[in-house]
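Owing to the predicted nature of the structure, the values given are computational and were not obtained by experimental measurement.
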Amino acid sequence: MLNDLGVGRLVVTGAQTDACIRSTLHGAFVRGYDALLVSDAHTTDDHTEWELPHPTKSCTHELVLDLPRRAGPDSRTATTEEVSFESALDELRNDD
């Protein structure tokens, strides 16, 4: 569906950094999409009572935050302040 819509880059935010976010990033890369992980716009639950890492560790784990930098030159992380959809919106406006 993304391919049919002409999508080339994903902006990734959300919950369950250690599962959903990481899986979404991996899925994007193996399918050839560039991805922008918004580094301060994802989170996960606290599962320390089951001896899992504290959320502050799993949300900044190199497998998540460093993954976009290792996937390719057009995949990276950015903060919410750095993310802008203006260029994409301008392209849509110019297509009309």
A.B. asks: Give me the one residue out of V11, T13, L10 that meets side-chain contact (heavy atoms from CB on, under 4.5 Å) with L36.
C.D. replies: V11

A.B. asks: Does a side-chain heavy-atom distance below 4.5 Å link V38 with V12?
C.D. replies: no

A.B. asks: Go through D40 and T79 one step at a time and tell me if the side-chain hydrogen bond (donor to acceptor under 3.5 Å, both in side chains) criterion holds.
C.D. replies: CA-CA 6 Å; D40 56 350; T79 64; 4.9 Å; no

A.B. asks: Do you know which two heavy atoms are closest between A35 and A28, and how far apart they sit?
C.D. replies: CB-CB, 4.5 Å

A.B. asks: Taking the side chain from Y33 and the backbone from N3, do they hold a donor-acceptor pair closer than 3.5 Å?
C.D. replies: yes

A.B. asks: Mind listing the closest non-hydrogen atom pair of V83 and A78 along with its distance?
C.D. replies: CG2-CB, 4.2 Å

A.B. asks: Would V7 end up clustered with V30 when hydrophobic side chains under 4.5 Å apart are linked, directly or stepwise?
C.D. replies: no

